[in-house]
There are 2 protein chains.
Amino acid sequence: MSTGGKGGARRAGAGQGENDTNGRDRPLVVGIREAILSGEFVPKQRLVEADLSERFAASRASVRAALLELTNEGLIERVRNRGARVRAVPLEEAIEISEVRMVIEGLCAAKAAERITEEDIKELKAIGESMRSAVSSGDVLGYSQLNQRLHRRIRMISGQHTASNVLERLRAQNVRHQFKLAMYPGRTTVSLPEHLAVIDAICAHDAEAAEQAARAHLRSVIQTLPEVDQDRSHGYRGTT
Amino acid sequence: MSTGGKGGARRAGAGQGENDTNGRDRPLVVGIREAILSGEFVPKQRLVEADLSERFAASRASVRAALLELTNEGLIERVRNRGARVRAVPLEEAIEISEVRMVIEGLCAAKAAERITEEDIKELKAIGESMRSAVSSGDVLGYSQLNQRLHRRIRMISGQHTASNVLERLRAQNVRHQFKLAMYPGRTTVSLPEHLAVIDAICAHDAEAAEQAARAHLRSVIQTLPEVDQDRSHGYRGTT
DNA sequence: AGCAACAAAATTGGCGACAATATCGGTGCG
DNA sequence: CGCACCGATATTGTCGCCAATTTTGTTGCT
């Protein structure tokens, strides 16, 4: 974990290690991002620079820089001279994002199937077993965490830095929908066999099957998204 | 297209002339980006804020903001307290980028095949014919422009806003490799039938065939990339 | 009473200056 | 003669201030 200053390393976005947010970022970016992802800042909420400046004990210029960065990450939305607000991802766009995720996760799964080692096979299968037991015991939260770990592990095994970066960004934009999806009753029962199929295909070094399984899983997600959607995501008048 | 969007209406006037990668950007971002994409700023070249400030007659803060934005677009690379420089995309990463492009362009092609109208069919076929004649007459530059127009048109027809954004960003990062690829002798002869296959599949409303054709085309690109690569792209010691 | 224009407040955008940090050159010592 | 320490320089990071623009509240007119 020693994220020390390895100067000569390639940029390639985040290293293969944990990129939960982005370790190289200043605390401001991380802080605001965490606030958005944790739900403290709700969609369409205005983000006034002065307020954030006070909230994080930093200057307004730093806040502005952080806001600009988060804008490019797709988490907040800025209009010239009209300020920044948390981006509300409507269902239609959440589906689009998931469709892009579908093909990229398929790519990663295929590449992972080609590159996976015996050691990683053990870990993937272990994750699969944990997921199975989590579903059995009804541990939805644990299953959700295992889900994220599985996807991240597959990305790592695939060795596709570019794909990982894109996926991470897309996932952050959809975190709210993903959360609602995870809480959808009976979702784990549908999700589990799909995940196991992905794991099996990757561990069997079957790239084609892995890609198809990953895409099938995301297709299932896309299909379920409209059911869990609550239309407050794209509400124009959020003043209640 | 823009379903009830509030802000997207004004963008409708985007003439086919300029490729405003992002019309909402301030001139600084556009200027620096153009300088990088046009090759004026070569990879690994240092971008000193003060110099850019003078070059574009703007304050350093604005330059910094633009640099931050371009960093997130993947065009430049920044190290804390050590400045920014034009990102040099090594062959390995160019391949990764093209692999991601492969699956996303496949997705767009499939979606375009489902959504295309008779009007768009005519235009796609017209582009195909133009490409054919461009290859016949050996007009490499014209073919390259038609190539970009075709891809852009397909993205537009697909209606995939997210995918288009990702593709545009990835394409910008690979613009140098793409250029060398376009100039590779005999490349057009290989590329043309692949493009025509994509066009035919899309116009035939065959989503599956369109995706496969698009992926085959990008696979061909990936296969050719190493041949056109000149190792100056990833030169570590660029101090001349 | 409704609407429009105006004014005041709020907020963002831009700018210059100062401090922190890395790089580079020089100098002294082993 | 080479290496390490040290200072000078260059560059970036941060901060506070002022102008431009938008939004909102008020007032006067129809």
Side-chain angles (χ1 to χ4, degrees), chain A residues 3-11 22-33 35-36 41-42 44-73 75-87 236-240, chain B residues 6-7 9-10 22-33 35-36 41 44-72 75-87 235-240:
Chain A
T3 60
K6 29 198 312 185
R10 288 151 180 72
R11 91 244 57 83
N22 243 337
R24 64 190 172 86
D25 288 333
R26 274 105 43 227
L28 255 176
V29 182
V30 179
I32 300 179
R33 181 168 16 193
I36 295 178
F41 295 160
V42 299
K44 283 295 178 184
Q45 174 178 340
R46 280 195 69 182
L47 298 179
V48 180
E49 296 179 359
D51 296 349
L52 295 175
S53 175
E54 178 133 355
R55 164 78 149 74
F56 292 96
S59 87
R60 241 192 64 207
S62 307
V63 172
R64 167 181 296 267
L67 253 48
L68 203 57
E69 193 155 336
L70 293 175
T71 300
N72 287 313
E73 286 184 24
L75 264 66
I76 68 179
E77 198 175 16
R78 295 188 66 187
V79 187
R80 175 159 183 115
N81 287 329
R82 288 188 54 179
R85 51 185 64 201
V86 180
R87 198 164 91 90
Y236 300 101
R237 302 292 183 183
T239 56
T240 50
Chain B
K6 47 165 189 172
R10 185 162 48 131
N22 251 335
R24 61 189 168 87
D25 290 333
R26 273 100 47 222
L28 255 176
V29 182
V30 179
I32 300 178
R33 182 170 16 197
I36 294 177
F41 295 160
K44 283 296 180 184
Q45 174 178 341
R46 279 195 67 184
L47 297 180
V48 180
E49 295 179 357
D51 296 349
L52 294 175
S53 176
E54 178 132 359
R55 165 77 149 75
F56 291 97
S59 87
R60 238 192 70 209
S62 307
V63 172
R64 166 181 295 269
L67 253 49
L68 204 59
E69 192 156 337
L70 293 174
T71 300
N72 286 314
L75 265 64
I76 69 179
E77 187 180 21
R78 293 188 65 189
V79 186
R80 172 149 185 129
N81 287 328
R82 289 186 55 177
R85 51 184 64 201
V86 180
R87 199 163 93 89
Y236 300 101
R237 302 292 183 183
T239 55
T240 50

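In the text below, chain A, chain B and the rest are named by the order of the sequence lines, each starting its count at 1. Worth knowing before you read on, the calculation uses all heavy atoms, side chains too, and leaves out hydrogens, waters and symmetry mates.
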Selected nucleotide, minimal atom distance to [X] side chain, candidates [options]:
{"X": "B/Ser59", "options": "D/dC15, D/dG13, C/dG16", "value": "C/dG16"}
{"X": "A/Arg46", "options": "C/dT23, C/dT12, D/dT12", "value": "C/dT12"}
{"X": "A/Arg82", "options": "D/dC15, C/dT21, D/dT22", "value": "D/dT22"}
{"X": "A/Asn81", "options": "C/dT12, C/dG14, C/dT21", "value": "C/dT12"}
{"X": "A/Glu49", "options": "D/dT11, C/dG14, C/dG13", "value": "C/dG13"}
{"X": "B/Val48", "options": "D/dT11, C/dC15, D/dT22", "value": "D/dT11"}
{"X": "A/Arg60", "options": "C/dA17, C/dT12, D/dC15", "value": "C/dT12"}

Rounded to the Å, how far apart are [X] [atom1] and [N] [atom2]?
{"X": "A/Leu67", "N": "C/dT11", "atom1": "CG", "atom2": "P", "answer": "14 Å"}
{"X": "B/Ile76", "N": "D/dT12", "atom1": "CD1", "atom2": "P", "answer": "11 Å"}
{"X": "A/Leu28", "N": "D/dT14", "atom1": "CG", "atom2": "C1'", "answer": "11 Å"}

For a quick test of reading the model, state the closest non-hydrogen atom pair linking [X] to [Y] and the distance between them.
{"X": "B/Phe41", "Y": "B/Leu47", "answer": "CD1-CD2, 3.9 Å"}
{"X": "A/Asn72", "Y": "B/Leu68", "answer": "ND2-O, 4.4 Å"}
{"X": "B/Arg33", "Y": "B/Leu70", "answer": "CB-CD2, 4.0 Å"}

Quiz item: A/Arg85 side chain N/O closer than 4.0 Å to the phosphate oxygens (OP1, OP2) of C/dT12?
Solution: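 For A/Arg85, the contact criterion (side-chain N or O under 4.0 Å from OP1 or OP2 of C/dT12) is not met.
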Quiz item: Quick one: is A/Ser62 getting a side-chain N or O under 4.0 Å of the D/dC15 phosphate, OP1 or OP2?
Solution: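 True: A/Ser62 side-chain N/O within range (under 4.0 Å) of D/dC15 OP1/OP2.
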Quiz prompt | Test side chain to side chain contact (heavy atoms under 4.5 Å, CB included) applied to B/Ala58 - qualifying residues, sequence neighbours left out | solution =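 Counting only residues at least two positions away or on another chain, B/Ala58 forms a side chain to side chain contact (heavy atoms under 4.5 Å, CB included) with B/Leu28, B/Ser62.
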Quiz prompt | OG1 on B/Thr71 to CZ on B/Arg64, rounded to 0.5 Å | solution =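 It is 10.5 Å, given to the nearest 0.5 Å.
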Quiz prompt | Any donor-acceptor N/O pair under 3.5 Å between D/dG13 base and B/Arg78 side chain | solution =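 Absent.
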Quiz item: Taking N and O atoms by type only, does the side chain of A/Arg64 place a donor or acceptor under 3.5 Å from a partner on the base of C/dG13?
Solution: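 Yes, the side chain and the base share a sub-3.5 Å donor-acceptor pair.
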Exercise. Report the residue (B/Asp51 or B/Ala61) whose heavy-atom-nearest nucleotide on DNA chain D is the more 5′ of the two.
Key: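 The residue whose closest nucleotide sits nearer the 5' end is B/Asp51.
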Practice problem: Could you tell me whether A/Leu47 contacts a base, only the sugar-phosphate backbone, or nothing, with contacts defined as non-hydrogen atoms closer than 4.0 Å? | Solution: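 Contact class for A/Leu47: sugar-phosphate only.
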